Engineer: 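Please read through the structure below; I'll follow up with questions.
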Amino acid sequence: MMRAWILPVLVVFCGSVVGMGLVLQGSPGTAVALLLPFLMIAGVNSPLIFPRSIGAQEAQRRSAVDGRPVVFWRPGCPYCIRLRIRLGLRAGQLQWVDIWRDPAGAAVVREANDGNETVPTVVVAGRPHTNPAPEWVREQLSASA
């Protein structure tokens, strides 16, 4: 869990240092304008934006029971962020596996992507789909309900 917070905290820290330098140079407006993108980048990379990750085995077990897709993702991935944001509140209905926290999840992704850890990889009914369109994932959720 600690590792997931490193990037967002580092981004906020760097933005704060740069902002403080601008304030000391007499440009507080520029400092605020610069800090906002840093905060947005930290926000989308924080573990708060993604539903709680579970292990690959648990996700696959749950998916077998309820038919919901499993999303293999990693923090900082812009395609994972795009998928999460475009799914909106429906994202909580998926099983999310952070491949940086779960070696078994990383192995599933490598097996599906010729040895590469390409995310997001969405598994629906046992079949992996690499970086699918968010609309397609939403349709799979509707089909599993």
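Treat the numbers as computed from the prediction; the structure is a model and nothing was measured.
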Engineer: Would you indicate whether the side-chain heavy atoms of H129 and T121 approach each other to under 4.5 Å?
Structural biologist: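 The answer is no, as the side chains (C-beta and beyond) never meet within the 4.5 Å cut-off.
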
Engineer: Does any non-hydrogen side-chain atom of L94 lie less than 4.5 Å from one of L141?
Structural biologist: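 Side-chain contact under 4.5 Å: yes.
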
Engineer: Residues in side chain to side chain contact (heavy atoms under 4.5 Å, CB included) with R62, at least two apart?
Structural biologist: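 So R62 forms a side chain to side chain contact (heavy atoms under 4.5 Å, CB included) with I54, E58, Q95.
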
Engineer: side-chain contact (heavy atoms from CB on, under 4.5 Å) between F13 and V18: does it pass, once the steps are laid out?
Structural biologist: CA-CA 9 Å; F13 176 75; V18 171; over 6 Å; no

Engineer: Just verifying a value: how many Å separate E135 CD and Q140 CD, rounded to the nearest 0.5 Å?
Structural biologist: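 The distance works out to 12.0 Å.
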
Engineer: May I have the step-by-step check of side-chain contact (heavy atoms from CB on, under 4.5 Å) for E117 and R74, ending in yes or no?
Structural biologist: CA-CA 9 Å; E117 291 186 353; R74 66 172 169 74; over 6 Å; no

Engineer: Apply side chain to side chain contact (heavy atoms under 4.5 Å, CB included) to Q25 and list each qualifying residue two or more places apart in sequence or on a separate chain.
Structural biologist: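 Expected list: L22.
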
Engineer: If you round to the nearest 0.5 Å, how far is CG of D102 from OG of S53?
Structural biologist: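 Going from OG on S53 over to CG on D102, the span is 9.0 Å.
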
Engineer: So do the side chains of S27 and V23 get within less than 4.5 Å of each other, counting heavy atoms only?
Structural biologist: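 Side chain of S27 against side chain of V23, heavy atoms only: no contact under 4.5 Å found.
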
Engineer: Heavy atoms, side chains only, cut-off 4.5 Å: are T130 and Y79 in contact?
Structural biologist: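 Not touching, per the 4.5 Å side-chain cut-off.
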
Engineer: Just how far is it from atom CZ of R84 to atom CH2 of W73, taken to the nearest 0.5 Å?
Structural biologist: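 Rounded to the nearest 0.5 Å, the CZ-CH2 separation comes to 10.0 Å.
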
Engineer: Out of curiosity, D66 CG to Q93 CD, how far, rounded to the nearest 0.5 Å?
Structural biologist: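 CD of Q93 is found 10.0 Å from CG of D66.
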
Engineer: Which atom names give the shortest non-hydrogen contact between A56 and A104, and what distance separates them?
Structural biologist: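 Distance-wise, the nearest heavy atoms are CB-C, 4.0 Å.
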
Engineer: Which pair of non-hydrogen atoms, one from P132 and one from V137, has the smallest distance, and what is that distance?
Structural biologist: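 Residues P132 and V137, closest heavy atoms: CG-CG2, 3.6 Å.
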
Engineer: Side chains of V97 and V71, heavy atoms from C-beta outward: is any pair under 4.5 Å?
Structural biologist: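 V97 does not reach V71 side chain to side chain.
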
Engineer: Taking the side chain as every heavy atom from C-beta outward, state whether V123 and Q60 have any pair of such atoms under 4.5 Å apart.
Structural biologist: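 The answer is no, as the side chains (C-beta and beyond) never meet within the 4.5 Å cut-off.
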
Engineer: If you look at every heavy atom in I99 and A106, which pair is closest and at what distance?
Structural biologist: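 Minimum heavy-atom separation between I99 and A106: O-CB, 3.6 Å.
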
Engineer: Working note: R110 + N116, criterion side-chain contact (heavy atoms from CB on, under 4.5 Å); need CA distance, chi angles, decisive distance, verdict.
Structural biologist: CA-CA 5 Å; R110 283 192 303 273; N116 298 309; over 6 Å; no

Engineer: Hey, does V70 have a side-chain heavy atom less than 4.5 Å from the side chain of V122?
Structural biologist: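 A side-chain contact under 4.5 Å is absent here.
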
Engineer: Report the residues that fulfil side chain to side chain contact (heavy atoms under 4.5 Å, CB included) with E111, sequence neighbours left out, ordered by chain and then residue number.
Structural biologist: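 Partners of E111 by the side chain to side chain contact (heavy atoms under 4.5 Å, CB included) criterion come out as none, since no residue qualifies.
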
Engineer: Is the backbone N or O of A59 less than 3.5 Å from a side-chain atom of S63, with the two atoms forming a donor-acceptor pair by type?
Structural biologist: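 Looks like no, no N/O pair under 3.5 Å.
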
Engineer: Quick check: is L39 connected to L34 through a chain of hydrophobic side chains (ILVMFWY, heavy atoms under 4.5 Å apart)?
Structural biologist: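 Yes: a chain of side-chain contacts under 4.5 Å links L34 to L39.
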
Engineer: Please tell me whether L87 and W136 are part of a single hydrophobic cluster in this structure, the criterion being side-chain heavy atoms less than 4.5 Å apart.
Structural biologist: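 Yes, L87 connects to W136 through the hydrophobic network.
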
Engineer: If you take all heavy atoms of A31 and G19, which pair is closest and at what distance?
Structural biologist: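 Closest approach of A31 to G19: CB-O, 3.3 Å.
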
Engineer: Is it true that T118 and N131 share a donor-acceptor pair across their side chains at a distance under 3.5 Å?
Structural biologist: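 Not at all, the side chains of N131 and T118 share no donor-acceptor pair under 3.5 Å.
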
Engineer: Donor-acceptor pair, distance only, cut-off 3.5 Å: does the side chain of D98 make one with the backbone of W100?
Structural biologist: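 Between the backbone of W100 and the side chain of D98 there is a qualifying donor-acceptor contact (under 3.5 Å).
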
